[in-house]
Structure formats: C-alpha cells, structure tokens
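To keep things clear, I will list the structure first and then write my remarks on it.
Order of appearance sets the numbers: ligands from 1, and atoms from 1 within every ligand. Bear in mind the structure is a predicted one, so any value in this text is a computation, not a measurement.
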Amino acid sequence: MMPQLDPLEIERVRRFGEVHTFAAGEALFTAGQVGHGLIVILAGSVDISQRGQSGQSIPILVHGAGQFMGELAQMAGRPALVDAIAREPVEALIIAPDRLRGLLVAEAELGERIMRALILRRVGLLETGAGGPIIVGRAENGDVLRLQSFLRRNGHPQQILNPETDAEAKALIERFHVDPGQLPIVLCPSGQLLRNPSEDELARCIGLVGPIDPNRLYDVAVVGAGPAGLATAVYAASEGLSVLVLDCRAFGGQAGASARIENYLGFPTGITGGALMARAYNQAQKFGAEMAIPDQVSGLNASGEAGRFVLELFDGERVNARSIVIASGARYRRLAVDHLDAFEATSVHYWASPLEAKLCASQEIALVGAGNSAGQAAVFLAEQGARVRMLVRGPGLSATMSRYLIDRIEGHANIEVVTGAAVSGLEGRDGILDEVRWRLGATGEEVRRPICHLFLFIGADPNTDWLAGTGVALDGKGFVLTGEDAGGQRHALETSRRGVFAIGDVRATSVKRVAAAVGEGAQVVAALHSFLAAAASDPVTAATPLAPTQNP
Ligand SMILES: Cc1cc2nc3c(=O)[nH]c(=O)nc-3n(C[C@H](O)[C@H](O)[C@H](O)COP(=O)(O)OP(=O)(O)OC[C@H]3O[C@@H](n4cnc5c(N)ncnc54)[C@H](O)[C@@H]3O)c2cc1C
C-alpha cells in the first residue's frame, strides 16, 4: 500500500512527470477537487488527512521522500478523496493521469507495484468510508439504500449517519435547516448539500461523471459496462483505439450482482462478481479507456458525416464515434404480483450483496427463482445467517441449475426449497413488507409467512428499448441479431447496421455467461480493427447499411 521507490526507480519515472515545488502549508491536492495526478515526493513530507463531518481535518498518515501520493481517482482524473498538505517545503514529481497510465503500461514491474498500491488505498478508503459523501438518513430508508447501493457498486466510499442517534448528523440537519421529510441529505466532499438526490445528481456532485466533449470523435463507443463492454474496453484500448464506455448505472452489469462466480476461468476458489468487475474496470482505465458512468444512452443516429455515428444520451449530450459496440445486456424481470412496486425500495431485492445480507441476517426470507443466479444468492444469504425459503415454480432445480449449486443448497440447513410454489400476495405498511403468501400448485393451498424481505431472480429481458427506430434488427424477444441472422455479409458480431456490433447477453443466440461475454468483448475488437481500416480508406461504403432487416 505504501511502497518506497528507490533512487533508480525515481530516475525511471522522471520522464513521465514534471517537477514542482510547494511551500510549507500549501495544498498538493484537496478533497472534492480534481488533482494533478500521481505525486512522487522527491524531498520533504506531506500530511494526508480526511475531513470530518463538521469539516475538521482527521490525520490519516504522513508521506515522505521516495513515496508517492494518489489512489484510483488520480489514475482516472477524478476528484481527490483526501487532502494533502505540505508539512515543510516539498519538491515533487507530478505525473498527470494520462502520463501515469503510460507509466503503468511501459514499466511493467514498477507499474504493477504502483497499480496495486492505488487499488489497496481505495480499498482502505472504502472500508472506512473516508473521503466519500456523507449520507444522513436511517439505514433502512429506501432512498438511503438506493444511494448507498449506487455508490458501493461504483466502488466509491461513503458514510451513513443516523439522524436520530448521531450527534454529527443532528448538527448537519441543524446547520442546513433540513426538515425530517427532506431526508436523506447528502453532504458532498466539495461542501455542497443535496436533498434526496437522484443517482445522477449525486454522481455529478462527487465528480464520478463529467460532461462529454461534443467535438471528440472516439474510435469506438461501447454501450454498457458489464463484462462484455469492459472486455471490449480492455482489448480495444490496449491495442491503441480510443474508447468511451457508457453505462446508465454502474460498472459490472449483472455480473456485478453475483455473490460468487465459481465458473470463471482462473479463479478456482471463486470470486465475487463485484471484485472481478472492479479489476476489469481499473484495467480498462489503465489502458486509457474513458468511462461515462452513470450516463444513459437513449438513441443511435448516423451523423451527416460519413463514417461517424452519434449516440444520444438521456441528458441531451451526444457522443461521436467511428464505430459502436452494443453491450447493454439484460435487466432483471419483475414479478407479476399486486403491490410489488410499493415494496421495491426497501423490501424487494434483485441483488444479494453484503448490503442486503446485513439487512436480513437471521431473518426468514423468500427467494424466487431456480436458475444459477437464484442458487448463488440463496447460498450466500444462508451463509450470512438468513433462513431462506426458495420458491420454485417447477418440480425441482435440476433442469435449470448447475449441479454444484444444487449440492450446496441440499447441504445447507438454512435453505428450504419449496417446489411448485408461486407468490400470490404481498402485505405490509409504509413500503415495508411484513408478509409473503404463496400458493402450492399441487394442493392449491395458500401459505402465509411473516417475511420482510423478498429476493427475485426470475430471469432477464434484453436492454434494447433504446434501439427502437435505429435500424438495428432485433429478434422476436428483442435481442440483437448479428452475423448472417442480421442479413448476410457481415462479421459474426456485426448487426444489420455496418459498424455497429453487438456482444454479450444482449446478442441473440449468445451464451448468457460471464466468460462468453468477455470472449465476445475480445473477439469484437478484431472486427472493429477491420471495419475502421475499411472505413478509413472508404468511409462512405463502409458506413452504408447492407440490405436492412425489419424489426419484428
Ligand atoms: C445475480 C447473477 C449472478 C450471475 N452469476 C453468474 C455466474 O456465476 N457465472 C456466469 O458465467 N454468469 C453469471 N451470471 C450471468 C452473467 O452475469 C451475464 O451473462 C453477464 O453479466 C452478461 O454480461 P453483459 O456485459 O453482456 O451484460 P450485462 O452484465 O447485463 O451488462 C450490461 C450493462 O449495460 C448497461 N446498460 C443497459 N442499457 C443501457 C443504456 N441504454 N445506456 C447505458 N448503459 C446501459 C447496464 O446498466 C449494464 O451495466 C449471473 C447473472 C446474475 C444476474
């Protein structure tokens, strides 16, 4: 976490930066503001501190000569999470984010040590919540859960303060004259206060996402930062293409929701989807892929100029790119039962992360689904202490779930599989569920249980609404057609529009697995190269749609 560079190593990194001096007491970077990049201290020492709820400085550590300052925010050119103040006159080598990425790639061994330190420092900040926004609200409040889950999935630190018991929370409420009905409030590191913000407002306030340059022309714009989109970003950026990845929620996609992926090559002990995807996200940025998260794509147009596509974003922004990769995956299905939406903020869950596990530890819960994602979630929640009623519509799990998961479920005393069961009703008050009913197909009996948390893992539909009217052909279920199915004479992953490719779960006939999505992300890059090369020599022909196919 705190490597010391020796004089030879410092000489090697000098070519990537510029030397600056700072007076004693001067800030090298400030929480909430975009810093200069990675800073290697050549002489002097620097205090690193975080801000308390009332703005007071809380020391974290002191960096001395030969050490470097920064964490993942510095690599991505995002606002710093902590303050750095010179204790004495300081001479430092400043390596700007793009040069830092160059260093990480060019200096393999040293780059690995630096990268590891940047990641471990972020992990440290995530553990303490230091440097992130402060959310004031009750932990079980639906909006607190929404904001907390958004920040957690984006790997951003945060602190939650209870307005009833925490003195600092009470002080903030008084200072900003907040009515209890306006909670939760969020205090951003910049000092700005948000009242129950949307995820987008919060992301912009803390600098997770910024404006997109309307004049920039990317080689490839990727829609979706799940495993397929991130794999494209890693391979395309590492091979020198300029890449922008957009996602409307967080990096990781569905895989980010997986409690434990055990069938991904190279991880014999399994890995949480969040950890696997965070690695891919950092790796893509190391190679220079740019991220716009959260940013929702609402449409795809051809530009008036040959060889140029335009992605329309929900907030009115536009992205220009020479080629497009659709990696927008699939979204969870909702259950057709009355009042579901009334309980979705607090009691109905589509993910089983440590956050949800904490909410329902040692309680009885209902979990609907019979696929691998349902099995993983059931095992994870049971291991965290929940008593799981697994409601399965069919006669068993063997037709839909991998054998290793069935064995694990059978061996778990906390899981009861109820077959032939369909949820028939939900009861509760003020958005909080307190009873789940299900009907047993065999006897017609309706079972009622006092259950406050319902987990749904009942499959997914393709995220292709945004492609309506764009000329990209879909199959009867809304998945994107590619290759011969899209009209012939196309690359295997190319859609009915030349230069527009589709990969991963969103693609018709794809294998709905992390490894398959990653494989297609790697494979599409070869197709991008050949399309871009053809477009460079003849932009008009390369961008002309071939025999357009009609959407059903
Ligand atoms: C709980 C769970 C557990 C799983 N466990 C496993 C497992 O153990 N092993 C395995 O192999 N597979 C597993 N899967 C399946 C696997 O996660 C998927 O096959 C894989 O994530 C598909 O990747 P993708 O990149 O194609 O799409 P997704 O993962 O669906 O990612 C698509 C991304 O696109 C974004 N997006 C959608 N529309 C837009 C838009 N208009 N603008 C911007 N962004 C948009 C979404 O926000 C999302 O982040 C699991 C799935 C779930 C839900």
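A salt bridge links E520 with R507: the closest approach of a Lys/Arg side-chain nitrogen to an acidic carboxylate oxygen falls below 4.0 angstrom. A salt bridge links R146 with D143: the distance from a Lys NZ or Arg NE/NH1/NH2 to an Asp or Glu carboxylate oxygen falls below 4.0 Å. Looking at R318 and E312, a side-chain N of the basic residue comes within less than 4.0 Å of a carboxylate O on the acidic one, giving a salt bridge. A salt bridge does not link D505 to K512: none of the charged nitrogens lies less than 4.0 Å from a carboxylate oxygen.
Of the options R249, Q254, R153, the smallest heavy-atom separation from atom 29 (O) of ligand 1 is shown by Q254. When the heavy atoms of L467, V518, D505 are ranked by distance to atom 22 (C) of ligand 1, first place goes to D505. The residue from L276, N263, V514 that puts a heavy atom closest to atom 9 (N) of ligand 1 is N263. With atom 5 (N) of ligand 1 as the reference point, the heavy atom nearest to it among R507, Q376, E520 is part of Q376. For atom 34 (O) of ligand 1, the nearest non-hydrogen atom from the set G224, A377, G459 comes from G224.
From the protein, the heavy atom lying nearest to atom 41 (N) of ligand 1 is V297 O, 3.0 Å. Protein heavy atom closest to atom 1 (C) of ligand 1, with residue, atom name and distance, is S373 CB, 3.5 Å. When hydrogens are left out, the protein atom nearest atom 45 (C) of ligand 1 is C248 SG, 3.5 Å; that is the closest non-hydrogen contact.
Taking only nitrogen or oxygen atoms, main chain and side chain alike, P227 reaches within less than 3.5 Å of ligand 1. Backbone and side-chain nitrogen or oxygen atoms of E262 are examined, and none is located within less than 3.5 angstrom of a nitrogen or oxygen of ligand 1. Taking any N or O of F457, backbone or side chain, none lies under 3.5 Å from an N or O belonging to ligand 1. Note: no N/O pair closer than 3.5 Å links I261 and ligand 1 by distance alone. Of the N or O atoms in G504, none lie within a sub-3.5 Å distance of an N or O in ligand 1.
Taking every heavy atom of A327 and a limit of under 4.0 angstrom, the matching atoms of ligand 1 come to 32 (C), 33 (C), 34 (O). Close contacts between ligand 1 and A330 involve ligand atoms 30 (O) [criterion: under 4.0 Å to a heavy atom]. Residue A517 has at least one heavy-atom neighbour below 4.0 Å for each of these atoms of ligand 1: 23 (O). Heavy-atom proximity to W466, at under 4.0 Å, picks out these atoms of ligand 1: 41 (N). Heavy-atom contacts of N463 reach the following atoms of ligand 1: 37 (C), 38 (N) (cutoff under 4.0 Å). Close approach of ligand 1 to R513 (heavy-atom distance below 4.0 Å) involves ligand atoms 10 (C), 11 (O), 12 (N), 19 (O). Atom numbering of ligand 1 starts at 1 in the shown order; those under 4.0 Å from a heavy atom of D295 are 43 (C). Near Q296, meaning under 4.0 Å from one of its heavy atoms, ligand 1 places the atoms 42 (N).
Atom CZ of F287 sits in a crowded spot, with more than 12 heavy atoms from other residues, nucleotides or ligands closer than 6.0 Å. Within 6.0 Å of CD in E410 there are more than 12 heavy atoms belonging to other residues, nucleotides or ligands.
Residue A250 touches ligand 1 through its backbone alone, judged by heavy-atom distances below 4.0 Å. At a 4.0 Å heavy-atom cut-off, ligand 1 touches S328 through backbone and side chain alike. With a heavy-atom cut-off of 4.0 Å, R331 does not touch ligand 1 at all. When non-hydrogen atoms are compared, ligand 1 lies under 4.0 Å from the backbone of D247 as well as from its side chain.
Ligand 1 lies out of reach of P294, whose nearest heavy atom is not under 4.0 Å from it. Not a single heavy atom of N372 sits under 4.0 Å from any atom of ligand 1. D465 does not count as a contact of ligand 1, since none of its heavy atoms falls under 4.0 Å from the ligand.
Using cut-offs of 30° and 60° on the angle between ring planes, the pair F309 and F531 is tilted. Under the 30°/60° scheme for interplanar angles, the aromatic rings of F455 and F457 are found to lie parallel.
Closest of all the heavy-atom pairs between V514 and A255 is CG2-CB, 3.9 Å. A pairwise comparison of heavy atoms in G77 and P97 identifies CA-CG, 3.8 Å as the closest pair.
Looking only at side-chain heavy atoms (C-beta outward), R216 and S242 come within less than 4.5 Å of each other. Inter-residue side-chain proximity for L311 and N320 is flagged as unmet; no heavy-atom pair is nearer than 4.5 Å.
A side-chain contact (heavy atoms from CB on, under 4.5 Å) with V417 is found for one member of L367, V392, L391 and no other, namely V392. Remark: of the listed residues V243, L241, V525, V524, V525 is the sole one forming a side-chain contact (heavy atoms from CB on, under 4.5 Å) with Y235.
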>> Assess the residue pair V123 and L125 against the criterion (side-chain contact (heavy atoms from CB on, under 4.5 Å)); give the C-alpha distance rounded to whole Å, side-chain angles, the decisive distance to 0.1 Å, and a yes or no.
In response: CA-CA 5 Å; V123 170; L125 293 173; over 6 Å; no
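Both cation-pi conditions hold for R153 and W351: the charged atom is under 6.0 angstrom from the six-membered ring centre and inside a 45 degree cone around its axis.
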